[in-house]
Visitor: 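One structure, as structure tokens, below. Some questions next.
In this text the structure is predicted, and so the values were computed from the model without any measurement.
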Amino acid sequence: MSKGDTFENDLLKLIFNGTAIPNIADNAATAPLTNLYVALHTADPGEGGNQSTNEVAYTGYARVAVARSTSGWTVSGNAANPVAAIAFPQCTGPENVTATHFSVGTAGSGVGKILYKGTISPNIAISNGVIPQLTTASSVTED
């Protein structure tokens, strides 16, 4: 079983832009998420993981909030891409870590629900002075 292309695109617009799917799903009327939070991981957080599973840890690191709207994400052709590069805080410590995966979730810190996750290619080597970033070519796809 798979979803139809139109519904895949509709689903991404609901999640990333807060656009309702008529007669099926509405954005929460009282307290909808206004941001999605992007995290970096040193390994796949897995299907049962959360945003803190294998999350990178370096001095200065924090998840990045991206607007849950068309100003934060472009949805087209069953893919969601950030409108602008997602720049994480600069590493200001002696750590040497490698980000191999990223996730898009619901929490700015702590345990949060992962909505989508994927690999980073090429991996991002993080050390003192490095500002890790995901480009506008980074995508989340439905298919």
Side-chain angles (χ1 to χ4, degrees), residues 2-93 95 97-143:
S2 69
K3 297 181 228 41
D5 287 344
T6 300
F7 182 66
E8 290 172 347
N9 211 53
D10 288 347
L11 185 59
L12 287 170
K13 285 183 178 180
L14 174 66
I15 293 168
F16 288 89
N17 299 152
T19 303
I21 303 171
N23 304 315
I24 295 176
D26 293 323
N27 196 29
T30 56
L33 283 175
T34 57
N35 290 309
L36 296 175
Y37 297 90
V38 181
L40 297 175
H41 302 270
T42 58
D44 186 348
E47 294 289 324
N50 60 60
Q51 285 180 275
S52 64
T53 304
N54 300 323
E55 189 169 18
V56 300
Y58 65 80
T59 305
Y61 171 77
R63 294 178 192 154
V64 176
V66 178
R68 185 176 171 242
S69 69
T70 56
S71 67
W73 302 91
T74 300
V75 176
S76 178
N78 303 337
N81 297 76
V83 169
I86 300 171
F88 291 84
Q90 179 177 354
C91 178
T92 58
E95 300 88 359
V97 298
T98 300
T100 62
H101 291 75
F102 75 99
S103 66
V104 178
T106 60
S109 63
V111 176
K113 181 187 300 182
I114 291 177
L115 304 175
Y116 289 92
K117 64 184 183 70
T119 58
I120 299 170
S121 181
N123 296 164
I124 303 171
I126 304 167
S127 58
N128 192 26
V130 170
I131 299 172
Q133 72 174 359
L134 299 174
T135 69
T136 58
S138 302
S139 67
V140 173
T141 58
E142 276 285 336
D143 200 24

Visitor: List the steps and the verdict of side-chain contact (heavy atoms from CB on, under 4.5 Å) for Ile114 and Val104.
Guide: CA-CA 6 Å; Ile114 291 177; Val104 178; over 6 Å; no

Visitor: Of all the heavy-atom pairs spanning Ala87 and Val64, show the shortest one and how long it is.
Guide: O-CG2, 3.5 Å

Visitor: Pair His41, Thr53 - check side-chain hydrogen bond (donor to acceptor under 3.5 Å, both in side chains), show working.
Guide: CA-CA 8 Å; His41 302 270; Thr53 304; over 6 Å; no

Visitor: Do the side chains of Leu36 and Phe16 get nearer than 4.5 Å, heavy atoms only?
Guide: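 Yes, side chains in contact.
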
Visitor: Can Asn50 and Ser52 be said to form a side-chain hydrogen bond (donor to acceptor under 3.5 Å, both in side chains), step by step?
Guide: CA-CA 5 Å; Asn50 60 60; Ser52 64; 2.6 Å; yes

Visitor: In the structure I gave you, are the side-chain heavy atoms of Ser71 and Val83 within less than 4.5 Å of one another anywhere?
Guide: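 No, every pair of side-chain atoms sits at 4.5 Å or beyond.
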
Visitor: Using side-chain heavy atoms (C-beta onward) and a distance below 4.5 Å, is Val75 in contact with Asn17?
Guide: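 In short, these two side chains touch, coming nearer than 4.5 Å.
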
Visitor: Which atom pair, heavy atoms only, marks the closest approach of Ala85 to Gln133?
Guide: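 Here Ala85 and Gln133 meet closest at CB-OE1, 3.6 Å.
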
Visitor: Got a sec, which residues hit salt bridge (charged side-chain N to carboxylate O under 4.0 Å, His left out) with Asp44, two or more places apart in sequence or on another chain?
Guide: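 By the salt bridge (charged side-chain N to carboxylate O under 4.0 Å, His left out) rule, Asp44 matches Lys117.
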
Visitor: Treating Asn81 as the side-chain partner and Ser138 as the backbone partner, does any N or O pair qualify as donor plus acceptor under 3.5 Å?
Guide: yes

Visitor: Do Tyr61 and Glu95 meet the criterion of a side-chain donor-acceptor pair at a distance under 3.5 Å?
Guide: no

Visitor: Between atom CG of Leu14 and atom CG of Asn9, what is the distance when rounded to the nearest 0.5 Å?
Guide: 12.0 Å

Visitor: Start with the C-alpha gap between Ser139 and Thr141, add the side-chain angles, then the distance that decides, and say whether side-chain hydrogen bond (donor to acceptor under 3.5 Å, both in side chains) holds.
Guide: CA-CA 6 Å; Ser139 67; Thr141 58; 5.6 Å; no

Visitor: Side chains of Asn35 and Arg68: closer than 4.5 Å at any heavy-atom pair?
Guide: no

Visitor: With a 4.5 Å limit on heavy-atom distance, are the side chains of Thr42 and Val56 in contact?
Guide: yes

Visitor: Kindly compute the distance separating OG1 (Thr70) from NZ (Lys13), expressed to the nearest 0.5 Å.
Guide: 10.0 Å

Visitor: How far apart are the closest heavy atoms of Leu12 and Ala79, and which atoms are they?
Guide: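 In this case the closest contact between Leu12 and Ala79 is CD1-N, 3.5 Å.
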
Visitor: Is there a side-chain contact between Ser103 and Glu55 (heavy atoms, below 4.5 Å)?
Guide: no

Visitor: Supply the atom-to-atom distance Phe88 CZ to Leu40 CG, rounded to the nearest 0.5 angstrom.
Guide: 3.5 Å

Visitor: Show your reasoning for whether side-chain contact (heavy atoms from CB on, under 4.5 Å) applies to Thr106 and Gln51.
Guide: CA-CA 8 Å; Thr106 60; Gln51 285 180 275; 4.3 Å; yes

Visitor: As an exercise, state the distance from CG of Asp10 to CG of Asp5, rounded to the nearest 0.5 Å.
Guide: 11.0 Å

Visitor: What closest approach, in Å, do Gly93 and Asn128 show between heavy atoms, and which atom pair accounts for it?
Guide: O-CB, 3.2 Å

Visitor: Less than 4.5 Å apart, side chain to side chain, heavy atoms only: is that true for Phe7 and Ile21?
Guide: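 In short, these two side chains touch, coming nearer than 4.5 Å.
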
Visitor: What's the spacing between Glu8 CD and Asn78 CG if we round to 0.5 Å?
Guide: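 One gets 4.5 Å once the value is rounded to the nearest 0.5 Å.
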
Visitor: Using the rule given for side-chain contact (heavy atoms from CB on, under 4.5 Å), can you reason through Ile120 versus Thr100, listing the C-alpha separation, both sets of side-chain angles and the distance that settles it, and then say yes or no?
Guide: CA-CA 5 Å; Ile120 299 170; Thr100 62; 5.9 Å; no

Visitor: Distance alone, cut at 3.5 Å: any donor-acceptor contact between the side chains of Ser121 and Thr119?
Guide: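 No - no donor-acceptor pair under 3.5 Å links their side chains.
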
Visitor: Using modelled atom types only, decide if a donor and an acceptor are shared between the side chain of Trp73 and the backbone of Ala67 within a distance under 3.5 Å.
Guide: yes

Visitor: Under the side chain to side chain donor-acceptor pair (under 3.5 Å) test, which residues partner Tyr116, sequence neighbours left out?
Guide: Glu142

Visitor: Nearest heavy-atom pair of Pro89 and Ala62: which atoms, and what distance?
Guide: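 So the minimum-distance heavy-atom pair works out to CD-O, 3.5 Å.
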
Visitor: How many angstroms lie between atom CD1 of Ile124 and atom CG of Leu134, to the nearest 0.5 angstrom?
Guide: 5.0 Å

Visitor: What's the shortest heavy-atom distance between Ile126 and Ala99, and which atoms?
Guide: CD1-CB, 4.1 Å

